[in-house]
Amino acid sequence: MKIIQLCTGEGLGGLEQIFEKYTIWFHYSRHDSLGIVHQNSALHKRLQSDGIPVVALPSISTKALWSNAKSLAQLAEEQETDVLHFHHKMDLKLAVLAKILSKQKFKLVYTRHMHIASSKKDPWHRFFYKRIDLFITITEQMRQTALRYIPLPANAIKCLYSGVKAPAHFQVSNCQNLFAEEKYKAPFRVAIFARIERNKGQHLVLEAAKALHDNYPALHYYIFGLPSDEAYHQSLLQQVAQEGLSDYIHFKGFHTQPTAIMPCFDVVLLPSLNESFGLVLPEAMRAGVAVIGSNFGGIPEIIDDMETGMLFENGNTKDLASKLKLLYQNKELREKLAKQGKQKADRIFSEEQHYLDLEQLYLSYFNLPD
């Protein structure tokens with residue numbers, strides 16, 4: 001099977017990282033794989049440094065759309081491509097036009113990683129979406145929305161949960177230097193791994209910390225991630241200083257290997273106000289750490305409340321504080337949730353199984369030769 005993976009995103013968010021993993025995995029599989037990216041993007045630099053076959057488009061402007069589509073169509077012919085798989089809605093027009101222009105009759109696959117906000121059944125969207133052969137969603141909730149909004153038959157819309165790697169063997173030394181600021185003898189450590197922006201909900205953590213601090217000073221909060229909204233970041237820093245919580249809330253910046261340090265913490269928290277999936281949760285679960293997430297978007301499909309983790313009411317800081325308090329006070333519950341969470345994540349959110357399921361979906365859905 002010959003596969004082209006397409007993503008011209010400039011950043012390195014969850015969507016781009018999934019594309020990167022797909023491109024690398026299929027390169028090292030028994031199939032032929034090629035990545036298409038934007039020149040000098042983060043993806044371009046990373047895939048090049050890893051020695052992965054990649055073609056870079058010099059421009060992704062609207063003016064370059066036709067020339068890019070012609071180049072992609074020709075490339076598909078030269079590669080005798082079976083499947084072109086794109087991941088970003090901004091690449092929809094490019095992928096569809098390439099399919100129309102190419103003499104190679106490849107199958108077009110679109111994985112939707114973000115919430116579908118509106119119907120795509122108007123004439124303009126219908127023209128493009130009708131050219132998609134397989135539409136993949138990353139949650140069942142999103143699939144149900146797609147069944148209403150996407151102009152494709154039901155059997156062309158599939159759900160395939162994202163997968164995460166099994167954690168490497170944990171080393172206690174990974175925790176060194178993380179906790180130098182602590183001023184409490186036996187702290188309870190909560191980690192948040194996310195870009196620093198309002199939608200990710202770090203302000204909710206600060207409000208919960210404020211509510212809990214006087215009675216539970218052992219709680220420490222570690223915020224990992226780079227700011228994508230500097231004004232919001234500065235407002236968080238000011239709030240921490242004003243509330244006298246500087247010794248208990250620690251901004252640690254970006255960490256290149258978050259799964260290597262997750263077991264250093266008692267809880268991993270994802271307080272997002274709007275999250276399509278939330279890869280950090282199955283990562284923490286596979287690492288054997290108890291998790292808390294908001295009851296919104298795809299998160300309830302990851303966490304079964306009080307069984308494989310805990311859910312709090314979206315945006316409700318009082319409810320978040322009560323869940324943190326409960327896990328702090330109840331070690332037995334925390335250990336049970338961590339154990340059962342790991343069992344679920346190893347079974348359902350395994351990256352290894354995800355790739356095999358995707359491969360089988362390509363082969364069986366399109367009747368391609370194995």
Side-chain angles (χ1 to χ4, degrees), residues 4-27 33-50 52-65 68 72 84-95 109-117 136-139 142 162-165 192-202 223-234 236 251-259 270-283 297-299 351 354:
I4 289 178
Q5 298 284 339
L6 168 67
C7 182
T8 61
E10 300 276 16
L12 199 61
L15 184 156
E16 288 83 8
Q17 291 179 51
I18 290 173
F19 158 83
E20 179 185 27
K21 291 176 181 178
Y22 276 22
T23 306
I24 292 172
W25 189 86
F26 278 107
H27 170 67
S33 176
L34 180 68
I36 310 293
V37 296
H38 184 208
Q39 193 172 69
N40 295 323
S41 65
L43 286 172
H44 185 204
K45 294 172 183 176
R46 286 166 65 103
L47 289 172
Q48 268 193 325
S49 67
D50 288 337
I52 305 300
V54 63
V55 172
L57 303 175
S59 172
I60 54 172
S61 68
T62 303
K63 292 181 180 179
L65 177 61
N68 284 341
L72 185 52
L84 192 158
H85 191 157
F86 70 101
H87 299 259
H88 203 303
K89 64 180 181 180
M90 64 184 269
D91 291 326
L92 171 64
K93 289 188 284 186
L94 171 59
V109 179
Y110 176 21
T111 292
R112 178 78 180 201
H113 298 271
M114 307 300 289
H115 176 65
I116 306 167
I136 300 175
T137 67
I138 60 172
T139 67
M142 196 183 296
S162 297
V164 298
K165 284 184 178 180
I192 302 93
F193 297 89
R195 294 188 310 276
I196 297 179
E197 61 182 39
R198 176 163 290 275
N199 186 55
K200 294 298 183 181
Q202 286 90 353
I223 297 176
F224 293 88
L226 294 176
S228 59
D229 181 343
E230 187 55 41
Y232 176 67
H233 180 217
Q234 290 301 318
L236 296 177
F251 289 84
K252 305 299 288 186
F254 180 74
H255 198 285
T256 57
Q257 294 182 303
T259 56
L270 186 62
S272 300
L273 295 168
N274 184 2
E275 193 73 54
S276 298
F277 189 73
L279 284 172
V280 69
L281 292 172
E283 285 177 340
I299 293 177
E351 184 177 82
H354 172 85

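We're numbering straight along the sequence, starting at 1.
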With side chain to side chain donor-acceptor pair (under 3.5 Å) as the test, would you mind laying out the steps for Ser276 and His113 before giving the verdict? CA-CA 7 Å; Ser276 298; His113 298 271; over 6 Å; no
Testing the basics here: between Ser41 and Gly9, what is the closest heavy-atom pair and its distance to 0.1 Å? CB-O, 3.9 Å
Do the side chains of Phe19 and Val37 get nearer than 4.5 Å, heavy atoms only? yes
Given Leu94 and Leu57, is the side-chain contact (heavy atoms from CB on, under 4.5 Å) satisfied, shown in steps? CA-CA 11 Å; Leu94 171 59; Leu57 303 175; 4.0 Å; yes
Which heavy atom of Thr139 sits nearest to which heavy atom of Gly298, and what is that distance? CG2-CA, 3.8 Å
Before giving the answer on side-chain contact (heavy atoms from CB on, under 4.5 Å), spell out for Glu20 and Ile52 the whole-Å C-alpha distance, their side-chain angles and the decisive distance to 0.1 Å. CA-CA 10 Å; Glu20 179 185 27; Ile52 305 300; over 6 Å; no
Pair Thr8, His88 - check side-chain contact (heavy atoms from CB on, under 4.5 Å), show working. CA-CA 8 Å; Thr8 61; His88 203 303; 5.9 Å; no
Sub-4.5 Å side-chain heavy-atom contact between Phe277 and Pro282: yes
Are any of the side-chain heavy atoms of Ile18 and Leu279 separated by less than 4.5 Å? yes
For Phe193 and Phe224, take the angle between the two ring planes, folded into 0 to 90°, and tell me which bin it lands in: parallel under 30, tilted 30 to 60, perpendicular over 60. parallel
Neighbour count above 12 (heavy atom, 6.0 Å) for Lys21 NZ: yes
Asn40 side, atom CG; Glu10 side, atom CD - distance, nearest 0.5 Å: 9.0 Å
Please report the closest heavy-atom contact between Ile192 and Pro271, naming both atoms and the distance. CG2-CD, 4.0 Å
Classify the side-chain pair His233/Glu230 by whether it contains a donor and acceptor separated by less than 3.5 Å. yes
Presence of salt bridge, Lys200 and Glu275, under 4.0 angstrom: yes
Donor-acceptor pair, distance only, cut-off 3.5 Å: does the side chain of Asn274 make one with the backbone of Gly297? no
Main-chain N/O of Gln202 paired with Tyr232 side-chain donor or acceptor, under 3.5 Å: yes
When rounded to the nearest 0.5 angstrom, what distance separates CD1 in Ile136 from OG1 in Thr111? 4.0 Å
Provide the closest heavy-atom pair for Ala95 versus Leu84 in the form atom of the first, atom of the second, distance. CB-CD2, 4.2 Å
Does the side chain of Ser162 come under 3.5 Å of the side chain of His354 through a donor N or O and an acceptor N or O? no
What heavy-atom pair brings Ala56 and Gln39 nearest, and what distance separates the two atoms? CB-CA, 3.7 Å
Less than 4.5 Å apart, any side-chain heavy atom of His38 and any of Leu43? no
Check: Thr137 side chain, Arg112 main-chain N or O, donor-acceptor pair, under 3.5 Å: no
Can Gln5 and His87 be counted as having a side-chain donor-acceptor contact under 3.5 angstrom? yes
Name the residue from Ser272, Ser228, Pro227 that meets the side chain to side chain contact (heavy atoms under 4.5 Å, CB included) definition with Glu197. Ser228
Would you say the side chain of Met90 lies within less than 4.5 Å of the side chain of Ile60, judging by non-hydrogen atoms? yes
Side chains of Leu236 and Ile223 in contact at under 4.5 Å (non-hydrogen atoms): no
Got a donor-acceptor contact below 3.5 angstrom from the Asp229 side chain to the Arg198 backbone? no
Which atom of Gly278 lies closest to which atom of Leu270, heavy atoms considered: CA-CD2, 3.8 Å
Spatial distance of atom CG (Asp50) from atom CD1 (Ile24) [nearest 0.5 Å]: 5.0 Å
